[in-house]
Asks: 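Dumping the structure here so I can ask a few things about it.
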Amino acid sequence: MSRIGPGSSERVGGSRRRRLGLQPERMRELSLLAIIVVAVLAFSLVFENALSGRFFNRVTTSVAITAVLAAGQTVVIITRNIDLSVGSIVGVTAYLTGEYLGDHPDAGLFLAIGVAVLIGGALGLVNGALVAYGRVPAIIVTLGTLAIYRTWLIEHANSQNITADTLPQWLDELPRASVLSFGEFDIRLTFAVAVLVVVVLQIALGRLRWGRWLYAVGSNPDAARQAGLPAQPLTLVAFVVSGALAGLAGFMFLERFGTITVFAGSGLELASVAAAVVGGVSVLGGSGTVFGAMLGAVLIALLDQSLLRTPQVSEFWRDAILGALILAGVAADFLVGKRLRRRWAESRRSLSLGATSERGAVTDA
Amino acid sequence: MTEPGPYLRASGLSKRFDATQALEDVSLTLHQGEIHALLGENGAGKSTLIKIMTGIHAPDQGTILVRGEPANIRSPADAQRHGIAAIYQEPTIFPDLNVAENIFVGHRERGTVVRWRRMYREAESILATLGVHLDVRALASGLSVAAQQAVEIAKAISLDVKLLIMDEPTAALSAHEVSRLFDQVRHLTETGVAVLFISHRLEEVFEIADRVTVLRDGRLISSNPRDEVTPQGAIQDMVGREMADFFSRSEHQAGDPVLRVEELGREGIFSGVTFEVRRGEVLGLAGLVGAGRTDVALALFGIAPADQGSVDLGGRPLIPRSPGHAMRRGIAYLSEDRLQRGLSLPQSFTSNITLPTLRRYVSRLRLLDSAAERAVADRFRRRLNIRTPSLRTPVERLSGGNQQKTMLAKWLNTQPAVLILDEPTHGIDVGAKAEVHKIIDELARSGMAIILISSDLPEVLAMSDRVLVMREGRQVGVFVRSEATQEGIITAAMGAA
Amino acid sequence: MKKHRTLLAVVAGLALVMAACAEEQQAGGGGGQAEAPGPGELVTIEGGEDMSGVFIPKATDNPVFDQANDGAVEAAEELGAEPASFEGPPSAEDIEGQIQIMTNAVTQGVDAVMISNNAAEQIEPAAQQAQDAGITVVSWDSPIPSGADAGESLFVAQVDFDETGEVMADMALDLLGEEGGEFAILSATPDAANQNAWIEDMEAALEDPKYENLELVDTVYGNDDPEDSYDQALALVDQYPDLQLIMAPTTVGIAAAAEAMQDEDLCGQVLVSGLGLPSDMVEFTLNGCAPEFALWSFTDLGYLTYYATYGIATGQVQAVEGAQFEAGRLGEYTIEPDPTRDNGLRIVMGPFTVYTEENVEEG
Amino acid sequence: MPEWARRWGWELLLAGILIGVLILNVSLSPFYLGVQNVINTFQLSIEKVIVAVIMAFVIVNGEIDLSVASVMAFSASVLAALHAAGAPFGLAVGAALLTGAIAGLFQGFFVARMGLPSLTVTLAGLIGFRGAARILVEDQSIGDFPEWFDRLGQDPLVGRLSFGLLLFLVGIVVAGIILHRTPFGRSLYVIGDNSEVARFSGINVARTKLIVMTSSGFVAGLAGVLFAARLGSVRGDLGQGFELDIITMVLLGGVSIFGGSGTMVGVGLSILIVLNIRNGLGLARFAITTQTGVIGVLLILSVLVPNLVSRFARRRHRGPGPAPPSGGRTTDQGGDLRGREHESQQATVE
């Protein structure tokens, strides 16, 4: 009868179930990969050079910024929060870093990145403090700071743009720098950096104690408190990471576009949330991977770039498709979740034959 | 194995919340390897005591010594450092983390990097010492409550806990799961862990405890080795009155059948439930928690509709599709979960009472007539003797017993033919309990058909005309009042021979 | 208590209605409309009177508009008037922003509004309201479509729009040579009135046999957004392997396209030209990504706008066809009907400057 | 604190702030006083304030609708596209209004029937409906509406009140009555506080949420049509970013972001505050972006201040009433708002 007693060695979350249990994330990533491949093939029928190295380079360069942002966004969403301010943080850091480089042409690459990351991290800290210690919901805080940071930038810039000619020469050459080349296919430095960020974060979230705690806090905040996890500092850290990565993205933005207006980066907050959600990061917190978010970002960039090159479909379809993708992502997330809950209920029944179904039964109804 | 001896000694603990003295001069000693049961009515101060020990509240007065050293426990983390951990009725697991992570998540000393393989190995070995076999890589969201509780105990072991506080850990478990849990607890005490065990189920307490302590009104009433305590004595200590005071049921005569239920069932939840309730009759639904009693009620109330069998209400067939539908046909259901399903806490006393029947209080323009609402609420306030500062007071400011009566008023106001009461006296004080019983009796006398779901066996026996017993989703017997005994019902409910 | 709540809402609502219905129309301010000389006479605009004004750019995020404001401030100082308040929406897509500023200007009772209209007809009700209140409304850079019917007194055009098409066609010819080749246009937004007029004009100019080898393959829109323009430019290159030139009649588009070509090492292959701001383009002109482009002076445009507006608002100039006036250092102008609109008057400022590596650093 | 002060504390505070803002405005700008300015203030934001009224319903109901600005653009685009395609204008208006309702219904389906969080669903809507608008009008500006339509949006209808303003004034009064004086309104509060309680009280939660989300879409669509009339033309980016002002108006009005509390009087007062702040700053020649930044600050403060106040109050005064023998859970976590004391109440029962 009992399946967890000493006499019975039957496994409650048996190995079959384990594969099913852990699988959703992997499944999600695999299916995203499949969708990406199918999309590339489909677009290759529509316009010529979808399989060319050149197109590959276009997609990878344009995905770099969103992928970095989506990685940061993932960290925040895992803790059951959201960061809508990243678009403005990108703008502020791109602008200020550009200004800094204009004033200090001798500053090197790493110093410039350091400045950008520091500024971004500081802005993230403000968000994090308000959410973790002020206990204002993240959506409110970051909707507010989205406006506030942008306003500050506009005031600060006094309608002066950062232009390419004020920037040091090495910055101009950065977008063309490749780490590796296979014929026409380049791995551009920016893309390599984005991949590096994703890999590092993926490992950190998977293997660092604090990484697992971030999942724990998002998965069950009450339990996290009872387990004595530092929930508030963790939330703060998540926002700082997101801000710092937005700062890095701001630097990438600067080196890519050269010209920075006070509206640089606006709208990227939605793209990053979209990438994360499409990539299987659960908006309920506690689950999802940075790698999935990266795939989400790739899919979105692929759509963007392909639609620009598909004369039959106007590029204006982009946002509509993006909205549909998010909805599909969330719905898939929930259907999986629902199945899990149902399985849970079943396992409870099989354990105790009708015992404790009182709660389970209602949630199914 | 550690030497037995006092692990924690609390002396003179007091805690005050505004006007309420939650705890007054309580002293308690918990020995290693001993299972110490803590008994008390709701509001007796058990939770406050636990919260002080786990660092959630600070005591106003008193000291705690751990292993003879003064301990300043200010946070759950402090408690953890002193080897104190608590397990609650609803396990606090992380559904998105796997079993091994759930066991080790609170560990701070395990380094910055998670070493998965070692963690899995250690998790497996801890679970093995408990005699539990779980896949340590499975996500916790897929586990049963019992398995989750096993994970919690494993977590406590992994933290090298020296004092494990278990707050009603058996409330959501089946009988078999409870006995497995007790095996696990005994494993623990053999290694010298002190256990503070809180339960409302006396039989469990007497089965497992080495020592029984009773709190009442924030004071320690008695603390004796189990062998020197009898259930009756413990109950008297808890309530301070004779048991006979509680239950009153006047002479009465049941009328015509109102509700007839035949072979009712819901796939995978419960099946084969057949009964009828007459006017003026109280039908008790007994069984262990989780035996499917609430599921029957939810089916009748249209929350989780039945998919087998038939229901006949007042001579007409009824397939309740939704609570609104069931209500319109004259069924009312007072939920066991007052806070999550019963009352809207920030809403006023009046709005809570009129909530299901709002459409009755509209004027010509279909606007709410608040005077009429208040009149009704006031009537119930007097009739049920509900103490509320005003009719507009949010119910969150009422005491548990008055909240419970408010809920009762809310459902009585729907003027139901059949009133289903699910644990109507759960978590309220003794005085309020007696009042509720009196109300039930009056309602039955006035001709209402009542289904009473209760885990409190004496209550069921005293109040019911007939008792239907369920076990594991099935109906296992119906006892008429004259034949019903505690032993008979328990035997049926537990399926024990 | 509930009753009170509703009552309060009703009272609040009623109070507002009553406040609104009562009270008379607020009197409009505006400069004294003295007897103005008729058409034909040359008026030299002179200072002395004060004029309060608002100078509204399409957006505050584009430096060209700052230059325009610099010109306006310069003019105000010459005329001894208080410089106009420089207020604009944050982005050119923010139509409501301009409407709000125009509406507030009425409330503030200024004498004149100088606006570079960032939309189409949307501004007209507010402009009409302004004129009704006695405010002189002059548009510059981008006109109000209904002109005088919507309260506009005058449009100060930067260049003759007919000239723009030819200038662009000439630059294309110059860059691609006699043998010609494929080129594409990267514009601002599809509804940007100026750009559309210029593109139309260029297409007309291309009919001339001397441009017969120039083949316009596509027109795309970068929405005056650097990132969009950048992506669009690259998409053009991918889509048309034989593309040799991107012509961008917008300062944002041309800079973004040049940046994109530079980033992708395409400068030798695909050239960029169009209308650009010298300070944005120096680098690309010198390194050959955008060897040649054109623009007019925004500073002068602002200067002229202020002069013309001042003349009209102080009654020295009548906003009628044929009126002539002298505007400080820029010399003489004659008000003429605007051929691009049904009922609008305009003055045309003057020629393009074509920038190459020789003069770009001075610009 | 007397009962009425406790109950109306937030509204009183808002009234105080409003008076402060008015005084400040008068001192900042000599142009401020004047009926036309009051009318202009509303007229310039008429779409926002109309949507704010329905947004109050959505948030009281425990949901949020981030998509309103995009739905406005979508339905206005339907109007414009149909008009440009030569459809009868009345039909185009009808279709536009229907579009808003359908967009709301669509999102409502996911929220109410599938139980997805409205935050995400409407975030998808925010992007998706904007995209749909762009598909319809691309980057053009479509105008040339019939004269009467433009007049409806621009000219006064009764006295000096435009159609939109009248609609708003009538709307907010009706909305206040519905919210506070009807069974439907009461059920919104209960659902927002605890939807299980509502369900167990016989309220059809899913249907109520569907109605609210659909109404939100419909009103947003209506606002989109009004916007088209006021501007005389439609572009795909119409209304972009409006959600900031709209949500600020509602939350500042004292509607809890977690649902279940707030009054229409509060929302009305906060609408006046937000409008007057924008107006005052505009008249005092602050840039539009500054105004947006100020609104952002206001949004955060409208949640932060009550949080801090209630935390402070709780520290001084541990849980009111006969509450907790067992005390409240630690209050160091969770976004509890404005004395909703859920936590300490939880503890009333063990």
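Naming: A, B, ... by sequence-line order, numbering from 1 per chain. Just so you know, these numbers use all the heavy atoms, side chains as well, and skip hydrogens, waters and symmetry mates.
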Asks: Report which part of Gln108(C) has an atom under 4.5 Å of a heavy atom belonging to chain D: side chain, backbone, both, or neither.
Replies: both
Asks: Contact part of Glu124(C) toward chain D, heavy-atom cut-off under 4.5 Å: side chain, backbone, both or neither?
Replies: neither
Asks: Which class fits the ring pair Trp140(C) and Phe65(C): parallel under 30°, tilted 30 to 60°, perpendicular over 60°?
Replies: perpendicular
Asks: Going through the checks in order, is the side chain to side chain donor-acceptor pair (under 3.5 Å) test met by Asn117(C) and Ser139(C)?
Replies: CA-CA 7 Å; Asn117(C) 180 17; Ser139(C) 64; over 6 Å; no
Asks: Of the backbone (N, CA, C, O) and the side chain (C-beta and beyond), which part of Phe242(D) lies under 4.5 Å from a heavy atom of chain C, both, or neither?
Replies: side chain
Asks: Between Glu96(C) and Lys48(D), is there a side-chain N and carboxylate O pair less than 4.0 Å apart?
Replies: no
Asks: Given a strict heavy-atom distance threshold of 4.5 Å, which part of Ile123(C) is in contact with chain D: side chain, backbone, both, or neither?
Replies: neither
Asks: Between Asn279(D) and Asn37(D), is there a side-chain donor-acceptor contact under 3.5 Å, judged purely by atom types and distance?
Replies: yes
Asks: Which bit of Phe227(D) comes within less than 4.5 Å of chain C, counting heavy atoms only: side chain, backbone, both or neither?
Replies: side chain
Asks: What's the verdict on side chain to side chain contact (heavy atoms under 4.5 Å, CB included) for Ser187(C) and Ile199(C), showing C-alpha distance, side-chain angles and the deciding distance?
Replies: CA-CA 9 Å; Ser187(C) 182; Ile199(C) 292 168; 3.6 Å; yes
Asks: Select one option (side chain, backbone, both, neither) describing which atoms of Glu11(D) are under 4.5 Å from chain C's heavy atoms.
Replies: neither
Asks: Taking Leu283(D), Ile288(D), Asp237(D), Asn40(D) one by one, which has the highest count of heavy-atom pairs under 4.5 Å against chain C?
Replies: Leu283(D)
